[in-house]
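Reading through the structure tokens given below for one structure.
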There are 2 protein chains.
Amino acid sequence: MAVESKSDDAPSQPGLTRQALVQAALRVLEREGVNGLSMRKVAAELGVKAASLYWHVRNKEELLDLLTDELMADAEAPPREGGWREQLREYCVRYRRHLLGKRDAAKVVAGRLVPGPHLLRLMEDQLGRLREAGFSDADAAMVNYALGAFVQGFVLQEQGPLSASEAMGAGRREVATAAGEQLRRLPQETFPHLVALADALTGPSMEDRFSFALERLLDGLSTLLEQGSDVRKEGTPDE
Amino acid sequence: MAVESKSDDAPSQPGLTRQALVQAALRVLEREGVNGLSMRKVAAELGVKAASLYWHVRNKEELLDLLTDELMADAEAPPREGGWREQLREYCVRYRRHLLGKRDAAKVVAGRLVPGPHLLRLMEDQLGRLREAGFSDADAAMVNYALGAFVQGFVLQEQGPLSASEAMGAGRREVATAAGEQLRRLPQETFPHLVALADALTGPSMEDRFSFALERLLDGLSTLLEQGSDVRKEGTPDE
DNA sequence: ACCTGAACACCGTTCAAGT
DNA sequence: ACCTGAACACCGTTCAAGT
């Protein structure tokens with residue numbers, strides 16, 4: 001029963017830690033992108049063989065879960081200044097910038113709902129502000145989810161290559177104007193709107209598109225708050 | 001110079017077509033999911049070796065681009081009934097259902113902006129309705145993009161495993177209530193809101209979350225339409 | 001308890017060679 | 001023009017074996 005007979009003086013904790021794995025994964029991600037992020041490379045980054053990782057982590061999925069939370073480690077909540085609208089806007093703008101700042105972050109995070117400790121910290125803060133703003137508990141929870149999904153979904157489009165196969169080789173602007181050309185060349189009779197709106201469709205930057213959608217969403221939340229959150233009923237739209 | 005000397009009576013076009021590749025890819029996707037979708041399996045599905053595919057397609061990315069459009073082939077625009085709001089709502093609801101109906105569709109489509117012919121058809125239709133509803137050209141284009149990104153982003157969360165590593169083995173409801181338990185167990189002092197809103201956060205179904213976000217967005221579009229689309233200015237929020 | 005060697009069953013892609 | 005064989009350089013994961 002004397003299981004702990006190892007009387008080494010130095011703690012000499014196992015060379016590998018879950019934390020170390022995640023940090024290594026983070027470096028590999030930054031250096032090689034999500035497609036280059038392999039268990040073998042993470043192991044190599046730690047001077048160890050791939051099989052070793054499986055002692056600390058069930059599989060790659062679990063490592064990606066941990067990595068997802070680590071990506072949120074240095075995300076910051078906005079200052080508590082201005083109304084709820086400014087604060088929520090800043091939340092989304094910062095979250096977007098944060099994801100854009102880490103290579104392929106959206107692709108790692110997307111569709112991964114596991115809330116790690118770092119994300120919980122941010123949720124706690126945002127939920128507090130939503131309740132203070134007057135949102136009901138149910139609405140606050142919904143808004144919190146909606147904003148997260150919104151930003152993640154948006155950045156995912158933004159971070160993926162614009163035109164897939166021809167991502168490298170041409171700048172974003174060039175690809176966009178080329179797409180505009182293509183739309184304008186469509187047959188007028190069957191695609192009148194696409195032809196007419198070619199510029200409007202391909203002109204705006206990702207930043208523009210994000211702001212647009214964000215302001216619409218915030219307007220929608222304004223409406224919700226004005227109505228009082230329990231007056232609303234399904235099936236009674238405005239027409 | 002007599003290049004076409006093949007005088008076979010039957011057209012006997014090359015056994016492989018891009019169309020055939022895409023159809024095979026679609027079947028593999030449905031059968032094995034996005035993780036099982038490999039060039040080798042697609043080739044096998046066609047009774048051919050993997051190397052052959054590269055005659056018809058630059059690489060896997062290009063095949064995925066084609067597949068993305070094929071996934072939209074049987075998507076249907078909603079009936080032209082009711083106001084713009086009902087129609088846009090139906091658009092989003094149907095798009096979501098359509099993606100949910102095809103295995104891992106969101107994961108294939110997500111972040112792939114290349115608009116193929118099938119998507120163009122839908123865009124043309126939706127842009128027409130947006131203009132009729134009174135949206136400016138610039139706004140119509142933005143709304144079209146925003147709705148697409150919104151639904152895709154949402155379904156991506158929905159289609160991915162709820163809790164990553166433990167996706168299989170427990171139903172969605174079970175995982176959710178377990179998550180609720182976990183939230184309720186957090187330290188009250190540091191996470192008062194998470195504890196208080198544990199039910200509100202984990203209770204609602206994905207359907208509920210989608211509807212909520214969608215109605216908020218539609219409310220925001222209402223506001224835009226009422227204001228007149230060029231009155232709005234940046235930097236003059238409601239406080 | 002923690003790490004390795006070696007293997008298994010896969011990948012995407014290229015390219016000379018066949019027809 | 002279209003397809004194959006064979007190879008290259010990888011994957012994630014398992015598991016007996018080492019220490």
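Below, chains carry the letters A, B, ... as their sequence lines are ordered, and counting in each starts from 1.
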Task: Any pair counted as salt bridge (Lys or Arg N to Asp or Glu O under 4.0 Å), so long as it reaches residues 117-127 of chain B, sequence neighbours left out - done: B/R80-B/D125, B/D125-B/R129

Give me, pair by pair, the N or O atoms of the protein and of nucleotides 6-11 of chain D that are less than 3.5 Å apart, along with how far apart they are.
from, atom 1, to, atom 2, distance (Å)
D/dC11, OP1, A/S38, OG, 3.1
D/dC11, OP1, A/K41, NZ, 3.2

Open item on the list: Output the rounded distance in Å from CG (B/L21) to P (D/dC2).
Closed with: 12 Å

Open item on the list: If the condition is salt bridge (Lys or Arg N to Asp or Glu O under 4.0 Å), which residues does A/K102 pass it with, not counting sequence neighbours?
Closed with: A/D74

Open item on the list: If I take atom CG in residue A/L53 and atom C1' in nucleotide D/dT13, what distance separates them, rounded to the nearest angstrom?
Closed with: 11 Å

- [ ] Report yes if the side chains of B/L147 and B/V143 come closer than 4.5 Å at any heavy-atom pair, otherwise no.
- [x] yes

Task: Residues that B/A179 engages under side-chain contact (heavy atoms from CB on, under 4.5 Å), provided they are two or more places apart - done: B/T202

Open item on the list: In dot-bracket form, 5' to 3', how is DNA chain C paired? Count Watson-Crick and G-U wobble pairs only if both distances fall under 3.5 Å, and write | where the partner sits on another strand.
Closed with: ||.|||||...|||||.||

Task: Pairing residues for A/A20 by the side-chain contact (heavy atoms from CB on, under 4.5 Å) criterion, not counting sequence neighbours - done: A/T17, A/L46

TODO: With sequence neighbours excluded, tell me which residues meet salt bridge (Lys or Arg N to Asp or Glu O under 4.0 Å) with B/D199.
DONE: B/R184

Open item on the list: Rounded to whole Å, please give me the gap between CH2 in B/W55 and P in D/dT4.
Closed with: 13 Å

Pairs under 3.5 angstrom only: tabulate donor-acceptor contacts from the side chains of residues 33-41 of chain B to other protein residues two or more places apart or in another chain.
from, atom 1, to, atom 2, distance (Å)
B/S38, OG, B/K41, N, 3.1
B/K41, NZ, B/G36, O, 3.0

TODO: Quick one: list whatever passes side-chain contact (heavy atoms from CB on, under 4.5 Å) with B/P204, sequence neighbours left out.
DONE: A/M142, B/D208, B/R209

